[in-house]
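Data block below; observations after.
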Protein chains: 2
Amino acid sequence: MTAGPAEDTRTRLLQTALRLFTEHGVEGTSLQMIADALGITKAAVYYHFKTKAEITEAVAEPGIRDLDELVRRAATQKRRGAQVDLLLEGFVDLVIRHRSLVALFSSDPGIARAIEKSAHGGAEGFGQAMLGILSGPDPDTTARVNALVTLTGIAMAGGSPDLARVDDEKLRTELLDVGRRLLGRPRRRSLAPVSTL
Amino acid sequence: MTAGPAEDTRTRLLQTALRLFTEHGVEGTSLQMIADALGITKAAVYYHFKTKAEITEAVAEPGIRDLDELVRRAATQKRRGAQVDLLLEGFVDLVIRHRSLVALFSSDPGIARAIEKSAHGGAEGFGQAMLGILSGPDPDTTARVNALVTLTGIAMAGGSPDLARVDDEKLRTELLDVGRRLLGRPRRRSLAPVSTL
DNA sequence: GTCTATACCTCGATAGAC
DNA sequence: GTCTATCGAGGTATAGAC
């Protein structure tokens, strides 16, 4: 965890891997491609990571951690309205913070495999947990569709190249707005956190 | 185009390929996997298709054709409201008709590559054309976000395993409803096509 | 027209020199 | 920490038997 010359290559490697993953997919990205992009050899990559799976896990890890914490925090809220609001805001923040990574999560089977071993039983687990909160207990089809469109829409739109040049603050406001509309939540007046509904 | 024993293997091959593509991604699916699932050999696969790219193109082709026709038809509408309504309804129908294929389109880089050579300059071209219609001329960020969330949300939700057991008619109604709400279109009373707004 | 056998390449991964 | 060399497995693609 200490910053140093060793971490430098490791960090560049993960950044490069994420970029290539979004361009070609996880399975479509070879270690050779990563090595070439960094100007090193495949064997040098293996000095930093034992396997390719270890790379994908390391790429996904920051997102997983935030997602995990978000789901836990949302679940502790007593009132369902508060659960939904917290989850929605937290998810939008997470999408903003990680942008392209979240889009990868939603779609790439390679990432799904990598997350499978983590808490909650994998990406599917996180998705189900979030859907459960957003769609409520014993949801009808309408509620399930709304929750699904909200989560996937926010994730894909947030990670889309079409919005890459929109600054964080603006995108955050827009995604929150569309999410509230989809879930039938009242629109907030200010951006400051509120303790009561 | 004639139905026969030769076409049978070809059809089964494409169905199997689509299923495997959705499970493992395009790049994550090998010809060996397709051949094994069909109980034939890799070389037998090459009798039906010259390259793997040709398979992915053939898998995507029905969706491409429908998408192409939809965008053309929408563009011929005079009033913008009619363009949006026609595109939204057509897109929902298309998602229902192809379900998992559309979800693949939205996400898999392998599919994107395969479509790249087709009309409109590839998947990106279709996406941009649809976004252009839904978000209107000279759109602000809000309109662009709404259009993006609508398209990606409907596509991903429609292709999601979570909704696989919802029947077509019900899912169609729900997706149309959420799309209209997102785009601020008036809700229809009946499912029958209307000629005036 | 359909599949077997096989060529050839790149994959992920390892060993050991520097 | 990065390199060269190499492995076995599995990838795409082809030649030719039936």
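Given the structure is predicted, the values throughout are model-derived calculations rather than measurements. Within every chain, numbering begins at 1; the chains are lettered A, B, ... in the order of the sequence lines, protein sequences first and strands thereafter.
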Using a strict threshold of under 4.0 Å (side-chain N to carboxylate O), is an ion pair present between B/Arg144 and B/Asp140?
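Between B/Arg144 and B/Asp140 there is no salt bridge, as every charged N stays at least 4.0 Å from the carboxylate O atoms.
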
For A/Glu89, is there an ion pair with A/Arg185 - N to carboxylate O distance below 4.0 angstrom?
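Salt bridge between A/Arg185 and A/Glu89, a charged N being under 4.0 Å from a carboxylate O: no.
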
Please lay out, stage by stage, how B/Asp168 and B/Arg99 fare under the test salt bridge (charged side-chain N to carboxylate O under 4.0 Å, His left out).
CA-CA 10 Å; B/Asp168 287 359; B/Arg99 296 252 180 161; 2.8 Å; yes

For the helix from C/dG1-D/dC18 to C/dC18-D/dG1, measure the angle between the helix axis at one end and the axis at the other, each built from five pairs, rounding to 10°.
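If I round to tens, the end axes sit 0° apart.
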
List for me each residue that meets side chain to side chain contact (heavy atoms under 4.5 Å, CB included) alongside B/Asp93, sequence neighbours excluded, and say none if there are none.
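In terms of side chain to side chain contact (heavy atoms under 4.5 Å, CB included), with neighbours along the sequence ignored, B/Asp93 is linked to B/Arg97, B/Arg172.
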
Listing request: all side chain to side chain donor-acceptor pair (under 3.5 Å) pairs with a residue in residues 147-159 of chain A, at least two apart in sequence or in separate chains.
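Every pair satisfying side chain to side chain donor-acceptor pair (under 3.5 Å) with a residue in residues 147-159 of chain A: there are none.
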
Applying side chain to side chain donor-acceptor pair (under 3.5 Å) as the test, list every pair that has at least one member in residues 50-63 of chain A; sequence neighbours left out.
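Sorted pair list: A/Glu57-A/Lys117.
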
Residues B/Asp85 and B/Gln77: side-chain donor-acceptor under 3.5 angstrom
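No, no side-chain donor-acceptor contact under 3.5 Å.
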
Would you tell me whether B/Thr141 and A/Glu174 have side-chain atoms, one donor and one acceptor, within less than 3.5 Å of each other?
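Distance-only check fails for B/Thr141 and A/Glu174.
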
Sorted by number, the residues of residues 14-27 of chain A with heavy-atom contact under 4.0 Å to DNA chain D:
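Within this stretch, nothing sits under 4.0 Å of the strand.
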
With side-chain contact (heavy atoms from CB on, under 4.5 Å) as the criterion, how do B/Val102 and B/Met156 come out once you've worked through the C-alpha distance, each side chain's angles and the decisive distance to 0.1 Å?
CA-CA 8 Å; B/Val102 179; B/Met156 300 293 292; over 6 Å; no

Produce a footprint string for nucleotides 2-18 of chain D: one letter per nucleotide, 5' end first; B if the base is under 4.0 Å from any protein heavy atom, S if only the sugar-phosphate is, - if neither.
BBB------BBBB----

Is the number of heavy atoms from other residues, nucleotides or ligands within 6.0 Å of CZ (A/Arg19) greater than 12?
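For A/Arg19, atom CZ is crowded (more than 12 foreign heavy atoms under 6.0 Å).
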
